[in-house]
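Remarks on the structure that follows.
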Amino acid sequence: MNKACYFCGMQTKKVRVRFAPSPTGGLHLGGVRTVLYNYLFARQHQGDFILRIEDTDQTRFVEGAEQYIYDCLNWVGLTPDESPLKGGKFGPYRQSERKPIYKQYADQLVANGQAYIAFDTPEELERMRVDFKTEQNPSPQYDRTVRNKMRNSLTLSPDEVKRLLEQGARHVIRIKMPENETIRFTDMIRGEVEFNSSLVDDKVLLKADGMPTYHLAVVVDDYLMEISHAFRGEEWLPSSPVHVLLWEYLFGLDKMPQWAHLPLILGPQGKLSKRDGAKYGFPVFAMNWTDPKTSELTEGFRERGFLPEAFINMLALLGWNDGTEQELFSKEELVEKFSIERVHSGGARFDFEKAKWFNHEWIKKLPVSSYAAAVKTYLLQKGITITDETRFEKVLELVKDRATLLPDFAEQAVFFFRAPTAWDLDAVKPKWNEAKTQFFQSVIEKFKPADWETVILESNFKEWASAAGLKPGEVLLPFRVMLVGGKFGPHVFDIAALLGREETIKRIQRFLQEV
RNA sequence: GGCCCGUUGGUCAAGGGGUUAAGACGCAUCCCUUUCACGGAUGAAUCACGAGUUCGAUUCUCGUACGGGCUACCA
């Protein structure tokens, strides 16, 4: 498992990182970025990327949420090396299936006096919070100042504790935070971080149902799964002293993974939430997510028409850059250039406009074949079925500069597959006259199958216009409106060339009846 | 309230004692294009504040302010 570091020759632990979501709903932007950074780091160090499902809260079980996580990872192409689905040497990878493992560690802490048993009921805890609440202390914690006033193995006699346990009284195990110790560790992004243990509360480690809380489960599983580096959101920083202490008590600080607390992704006001998305009209989840209970749909980047390449690129740059002016990175380039030390410590506000720019760049950059299938689904929504693959890709090639999001292709490409039924007459009619009608009638006659090529079409058309005493500009826009229906789209003669002679003539004739 | 983290244009950000303080998004103007885009050019716009250290602070230190996170038998 160990190997020598390429750079310094020292024996180093194999890099093993993990993404540990709780399957309670959609996968958030920030979650995907955490996956990304984990993945990039693992690949870069020839390490393993593990997916561990943190489903210790049975009350928050959500049908389909776990599958949704796999689907998202699959879509963005960040697939784990070990997971509940794939398995691995360190399974099971679902914490609910690891339930029997945790108790012994909690018991060990109690035996060593580093944790204690607490019998307080939810009602008692609630009363404590009310009773101890003051203006100075609006949210009292279960800490060293109150634990002596509660019902736990610290205040009850050993006999009483024994009796309660034998009676099967519901109880939890809490860590006993030491008094006035400085707990410090080095964060890969923030450097030295320190906390005074007196200010941290006695967090529950093992719940009354026998399940561990996050605090116990992360350290036990990170140890058992030989995690070398632990990346998570900044919101975990305040509870990190508990985790550090647990590492010290249980496995030794020398075994502790290196921590990196990632900056938060901010919305218009504070931590980005799905509410922000709904409010401001941009997606927050990777893919569409429908809450099975409320049927509430939260939009995803995928369905909004984002390319996974763009999504990942944009996420990578939200909090990291390589110090150069480069902004467009493929996944492979990111693996090569990413460095956790260059991740910012400050939160980054998500900007949907910039996200769209990334997508546009990737649409232009990627071969159209890589997203043709996705575009088809949007066309299908407009009732258009694609049969000629080659022609379809030619169309995409012609309009891709005009598409920022995938659904834009539908707008930009429909007229290649369906003749317009409505025309922007306002753009044409005011300047229309008999001479133009005659001109287009003559054009229909003059169009020869052999001339069906963009450049020939263009030079002929302009020549005929001049001969008819018309400025090319006077008939170019009408020609476009005939073929397209509106004032948009690629070069007119490219359109005509792709449409073919018959269809072009048909559209001219149809329009002539209309104007 | 307490604790923790942070602060370079509207947003993402480079830079890290001496610079005209990069670049990108967005915005504006112009060019290209007899459409819409793409592309090109130009422009407006930034070191939160106050002390200290220093010959010199955007850069280092300390305060203040502001922003954010956490403060559950949730993760």
Side-chain angles (χ1 to χ4, degrees), chain A residues 20-24 54-57 59-60 95 118 120-122 125-126 129 133-143 170-174 187 189-190 193-196 198-201 203-215 217-218 232-241 261 263-264 266 268-271 314 317-328 344-358 360-361 364 399-404 408 412 424 427 471-481 484 486-492 495:
Chain A
S22 65
T24 52
E54 309 231 341
D55 55 350
T56 54
D57 187 354
T59 65
R60 292 214 300 164
Q95 287 182 331
D120 316 276
T121 63
L125 290 173
E126 184 48 37
R129 288 191 190 101
K133 185 172 174 172
T134 60
E135 203 160 306
Q136 305 304 315
N137 186 12
S139 30
Q141 306 190 99
Y142 201 120
D143 60 13
R170 284 178 73 82
H171 63 277
V172 301
I173 292 176
R174 285 178 182 273
D187 186 279
I189 295 171
R190 285 147 224 281
V193 187
E194 48 171 78
F195 297 83
N196 184 325
S198 295
L199 274 1
V200 182
D201 63 329
K203 293 250 186 291
V204 170
L205 265 20
L206 202 71
K207 299 186 262 192
D209 64 2
M211 278 288 193
T213 58
Y214 172 84
H215 308 292
V218 238
R232 64 191 352 175
E234 186 188 340
E235 69 267 29
W236 289 107
L237 214 37
S239 56
S240 61
H261 288 89
L264 261 16
L266 276 10
Q269 68 266 104
K271 195 161 106 170
M314 169 240 131
L317 273 281
L318 210 51
W320 170 87
N321 71 82
D322 76 340
T324 72
E325 287 182 10
Q326 184 176 355
E327 291 196 276
L328 263 21
H344 286 258
S345 44
R349 202 164 308 266
F350 170 68
D351 180 7
F352 190 49
E353 292 305 318
K354 185 85 186 224
K356 286 194 286 192
W357 175 80
F358 274 108
H360 192 190
E361 291 303 313
K364 288 187 281 179
V399 302
K400 68 178 186 180
D401 283 352
R402 276 155 258 260
T404 300
D408 296 341
Q412 294 292 332
D424 186 351
K471 276 185 264 177
E474 292 181 273
V475 283
L476 239 26
L477 186 65
F479 190 32
R480 166 178 301 281
V481 173
V484 174
K487 293 190 288 178
F488 65 96
H491 194 50
V492 224
I495 298 173

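Convention: sequence-line order gives letters A, B, ...; per-chain numbering from 1.
Listed nucleotides B:U7, B:G23, B:A37 differ in distance to A:Glu327; the shortest reach to its side chain belongs to B:G23. In the set B:C4, B:A13, B:C38, the nucleotide with an atom closest to the side chain of A:Ala348 is B:A13. Ranking B:C74, B:G69, B:U34 by closeness to the A:Leu476 side chain, first place goes to B:U34. Side-chain atoms of A:Glu325 lie closest to B:G23 of the nucleotides B:U34, B:G23, B:C4. Proximity note for A:Thr56 (side chain, C-beta onward) versus B:U34, B:A75, B:G1: the nearest is B:A75.
In this structure, A:Lys487 does not reach the B:A37 phosphate: none of its side-chain N or O atoms is under 4.0 Å from OP1 or OP2. Under 4.0 angstrom from either OP1 or OP2 of B:C73 there lies at least one side-chain N or O belonging to A:Arg129. Note on A:Asn321: a side-chain N or O is less than 4.0 Å away from OP1 or OP2 of B:A14. At B:A37, none of the side-chain N or O atoms of A:Lys400 fall inside 4.0 Å of OP1 or OP2 (strictly under the cut-off). Listed pair A:Arg480 / B:C36 fails the phosphate criterion, with no side-chain N or O lying under 4.0 Å from OP1 or OP2. Residue A:His344 places at least one side-chain N or O under 4.0 Å from the OP1 or OP2 atom of B:A14.
Taking for each of A:Lys207 and A:Leu317 the nucleotide of RNA chain B with the nearest heavy atom, the 5'-most of the two is the partner of A:Leu317. Residue A:Glu135 is the one, among A:Trp357 and A:Glu135, whose nearest nucleotide of RNA chain B lies closer to the 5' end (criterion: closest heavy atom).
A donor-acceptor pair is defined here as one N or O able to donate and one able to accept, closer than 3.5 Å; no such pair exists between the side chain of A:Asp201 and the backbone of A:Lys203. Looking at A:Arg480, its side chain does come within 3.5 Å of a backbone N or O of A:Phe488 through a donor-acceptor pair. Between the side chain of A:Arg402 and the main chain of A:Gly489, a donor-acceptor pair closer than 3.5 Å is present. The main-chain N or O of A:Asp143 is never found under 3.5 Å from a side-chain atom of A:Gln141 such that the two would form a donor-acceptor pair. Side-chain N or O atoms of A:Ser345 include none that pairs as donor or acceptor with a backbone N or O of A:Ile189 at under 3.5 Å.
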Verdict with reasoning, A:His261 to A:Arg190, per side chain to side chain donor-acceptor pair (under 3.5 Å): CA-CA 8 Å; A:His261 288 89; A:Arg190 285 147 224 281; 5.4 Å; no

Residues A:Lys354, A:Glu327; criterion salt bridge (charged side-chain N to carboxylate O under 4.0 Å, His left out); working and verdict: CA-CA 11 Å; A:Lys354 185 85 186 224; A:Glu327 291 196 276; 2.9 Å; yes

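B:A41 and B:U59 have their P atoms separated by 33 Å, with the value rounded to a whole Å. Nucleotides B:U61 and B:U7 are separated by 12 Å at their P atoms, to the nearest Å.
Base pairing annotation: B:A14 forms no Watson-Crick or G-U wobble pair, as no partner gives both donor-acceptor distances under 3.5 Å. Remark: B:A21 base-pairs with no nucleotide; criterion is Watson-Crick or G-U wobble with both hydrogen-bond distances under 3.5 Å. The partner of B:C70 is B:G2, judged by Watson-Crick or G-U wobble contacts that both fall below 3.5 Å. Using Watson-Crick or G-U wobble geometry with both donor-acceptor distances under 3.5 Å, B:U7 finds its partner in B:A65. Across all strands shown, B:U42 forms a Watson-Crick or G-U wobble pair with B:A28, both key distances being under 3.5 Å. With a cut-off of 3.5 Å on both pairing distances, B:A57 has no Watson-Crick or G-U wobble partner at all.
Not a single donor-acceptor pair, N or O on each side, falls under 3.5 Å between the base of B:A72 and the side chain of A:Lys203. A donor-acceptor contact under 3.5 Å is formed by the side chain of A:Arg402 with the base of B:C36.
The CG-P distance, from A:Asp322 to B:A24, rounds to 15 Å in whole Å. The NZ-P distance, from A:Lys133 to B:A72, rounds to 12 Å in whole Å. The distance from atom CG of A:Asp143 to atom C1' of B:C70 is 15 Å, rounded to the nearest whole Å. Atom P of nucleotide B:C38 and atom CZ of A:Phe488 are separated by 16 Å, given to the nearest angstrom. Between the CZ atom of A:Arg190 and the P atom of B:C5 there is a distance of 9 Å, rounded to whole Å. A:Leu237 has its CG atom 14 Å from the P atom of B:G69, to the nearest Å. One can place NZ of A:Lys354 at 10 Å from P of B:A13, the figure rounded to the nearest angstrom. For A:Glu353 and B:C12, the CD to C1' distance is 13 Å, given to the nearest whole Å.
Nucleic acid contact for A:His491: base, since at least one base atom lies under 4.0 Å from a heavy atom of the residue. The residue A:Arg60 sits close to a base: some heavy atom pair falls under 4.0 Å. Heavy atoms of A:Gly473 sit under 4.0 angstrom from at least one base atom. Note on A:Arg174: only backbone sugar-phosphate atoms sit closer than 4.0 angstrom, heavy atoms only; bases stay farther off. A:Phe195 comes within 4.0 angstrom of sugar-phosphate atoms only, judged by non-hydrogen atoms across all strands, and of no base. In this structure, A:Pro21 reaches neither bases nor backbone, as no heavy-atom distance under 4.0 Å exists between it and the strands shown. Counting any heavy atom pair closer than 4.0 Å across all strands shown, A:Asp120 reaches a base atom.
At least one side-chain heavy atom of A:Tyr142 sits less than 4.5 Å from a side-chain heavy atom of A:Arg174.
Separating the CG atom in A:Leu477 from the NZ atom in A:Lys487 is a distance of 6.5 Å, to the nearest 0.5 Å.
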Could you run down the sub-3.5 Å N/O contacts of the protein with nucleotides 57-65 of chain B?
none

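In B:C31 the base sits anti relative to the sugar, since the glycosidic angle is further than 90° from 0.
Salt bridge annotation for A:Glu474-A:Lys471: absent, with no cationic side-chain nitrogen under 4.0 angstrom from a carboxylate oxygen.
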